[in-house]
Structures are given as C-alpha cells and as structure tokens.
Amino acid sequence: VRPHAGFRWMEIILRFLTTHRDIDTVYVLGTPKFAVWGILMARFFHKPVTLALTGIEEKFDGKNSWRDRVFASCDWYLAMSQEIRRAFLRLGDIPEEKIIVQPQGIDTAAYPSAAAEEKQKLRSEHGLPPDAPVLLFCARVVLAKGIDTLERAWEILSKTFPAAHLVIVGGGDNALLDELRSMSERMDHRIHVIGEVAHTQPYYQMADIYIFPSRHEGLPNTLMEAMATGLPSVVSDIGGCEDLIKDDVSGYRVDAERPDLFAERIMNLLVDEEKRKTFGARAAVFVRAHCDIHAIAKELEEVLARPARRG
C-alpha cells in the first residue's frame, strides 16, 4: 500500500532505515518533491545518487528553493537529450563533468523494415492502395503533438499529391479525432484514423514517410521506432528530435509552427525516392548504433556503479 503523497517522505526515511539499508546506489527519475528525501538520506548514508531527467519540464534552478539546491547536490546526472543537458548546465548550475547524455532506448530488433512484398501485403490488409504514397503519424492525438500543424500541412500537400494517404495511429483528444475523421470524409477518405493499437510495427512497415510535428519532447520513442524501421522523417526542430535527426542527412527538421515547411519537406521526399531510401537507411544505422536498449542498459549499469562525487 502506497502512503498518501504528503507522507511519502516518511516512507523514504523508513525504507532507508530498514529494507533499503544495504543498497549500493540511489537512482532518482525526475524531480518529484518527495525525491529530495531520498537524496538527503543517501547523502547521510554516503550512497552515490544519480538524478535522471526525461523531459525539459522537469528542469530545476540550482540556486532557487531548498529543494532545487538538494537536486543540484547529486553525484551524477543523466540527460536524455542535449536540451536537458543544456538545462542542467544553465539552470541547475551542474558541473559539465557530472552530466552524462544517454537516451532511454528502444528494442531496435522489434522494428525491422519490410520487403516490398510484405509492405504491399500490409497495405492490402489495412485497406490502403499498394502503390500510393503513405504518410504516418504515430503518437497521441493532442495539440502538444502538433496535430493542428499536421492537419494544415496535409491540406497543402494533398492538393499536389491527390493519391497520397495519411495514417494516424494513437488515441487522444476525442474532439480532435472526430475532426480528423470529418476531414477525411471531405478528402476522399484518404486520412485513416486508426486509434490506439497494441502493436505499431506494421504501420511503420507500410509507410513511406514519418511525420512528427510535436511541440516539445524528451526523446520521442515513436521517432526512434520509425527510424529503426528505415523510414525517412520530417520532424519538429525541437529538443529530442535534434538528437535523433540530422537535418537534410537522415531526415528534415522544421519549425513546429510552420505547416507550409512541413508540407514542402514532405513533398521533397515524395518526389525523390532515392533520397527517401538514403535518409531512411542513415536513420536506421544511427538509431541501431546509439539507441538500442540492450547497449544502453549496460551503459546505465556502468553509470550507476560510479562512486559518490560531491561538490
């Protein structure tokens, strides 16, 4: 039974005095208020502490409140992206040598690319034309993920590519989902609103281009999954995406509020099959080399085995 949030500090102290007395290290994920008690108890018992941030919204000011000063007193810091690393340096006032940039990783083997025959079979099973250009968005359908930017970009590019289809995978805001369905009815049913699914792999395999106009991210899993499958991507130029996509090398990064630029870059890829293949291949090589969960787990073990380093 978990105690009420207001009493979690008491649980942390009791655990350090009883069941957790013989731990080797403390790993703190995020900056919830009660986590400071774990850090303080770890310091009391001379245990190393690693603080990991997965999103920029978890940042703290190391010279602000007493809680933030405690967060700034850890031994090691894990940043999921370069944006978070910069926040550690600027706001947290954390020494650079204490910061390790490490993605959360995915099982890249679970997202293989599909041969042409398998791709056409998957399209047939999902009611898509075998040779039509297929664009994919796979994330929560909410404004924070840039679904409005996606809608406007689709309106622009679908006029030039009337045979293209847009597949949207993911649940979210029901009003936005209904809006997309209505939009599809007005546009020859070329928007396919799938909703939530247990397995996303087939949708990556049947697509030609991945679109991700999100407004803020930690390190987007769906983008890594698309990359592992060998899809070229057009994504927002934001933290997290900048770590994964090198602009005009393995995909395109554009302003999240510029649907016209999204449409332009997508159309550039639609008319250039060789560039699609090149971008997709580079993306797959990168994500398999740098974001595979098995390699990252070993790296995390090494980080957590480091001794205390205060000051």
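Position 1 is the first residue of the sequence; numbering continues from there. If you're wondering where the values come from, they're calculated on a predicted model, not measured in any experiment.
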Electrostatic pair R186:E179 at N-O distance under 4.0 angstrom | no

Is any NZ, NE, NH1 or NH2 atom of the basic residue among K145 and D173 found under 4.0 Å from an Asp or Glu carboxylate oxygen of the other?
-> no

Between R15 and E11, is there a salt bridge with N-O shorter than 4.0 Å?
-> yes

Could R85 and E96 be called an ion pair, given the rule that one side-chain N must be under 4.0 Å from one carboxylate O?
-> yes

Would you say H192 and L166 make side-chain contact, with heavy atoms under 4.5 Å?
-> no

Evaluation steps, side chain to side chain contact (heavy atoms under 4.5 Å, CB included), between C74 and T50 = CA-CA 6 Å; C74 298; T50 300; over 6 Å; no

Report the relative orientation of the aromatic rings in Y252 and F279; use parallel for angles under 30°, tilted for 30 to 60°, perpendicular for over 60°.
-> perpendicular

Name all residues meeting the ring-ring contact (aromatic ring centres under 6.0 Å, His included) criterion together with H216; count only those two or more places apart in sequence or in a different chain, and write none if there are none.
-> none

Aromatic ring centroids of F16 and F44 under 6.0 Å?
-> no

Residue E97 excluded, over 12 heavy atoms near CD under 6.0 Å | yes

Partner set under ring-ring contact (aromatic ring centres under 6.0 Å, His included) for F161, not counting sequence neighbours = none

Any side-chain donor near an acceptor of the partner, R253 and S236, under 3.5 Å | no

Does a donor on one side chain and an acceptor on the other come within less than 3.5 Å for Q201 and Y111?
-> no

Fit a plane to each ring of W9 and W37, take the angle between them on a 0 to 90° scale, and name the class: parallel (under 30°), tilted (30 to 60°) or perpendicular (over 60°).
-> tilted

Does the salt bridge (Lys or Arg N to Asp or Glu O under 4.0 Å) test come out yes or no for D75 and K47, once each step is laid out?
-> CA-CA 9 Å; D75 302 289; K47 307 293 185 182; over 6 Å; no

Report the hydrophobic cluster partners of Y27, with the cluster defined as I, L, V, M, F, W, Y residues connected by side-chain heavy atoms closer than 4.5 angstrom, directly or transitively.
-> L29, W76, L78, I100, L300, V303, L304

Are E185 and R181 within salt-bridge range, i.e. N to O under 4.0 Å?
-> no

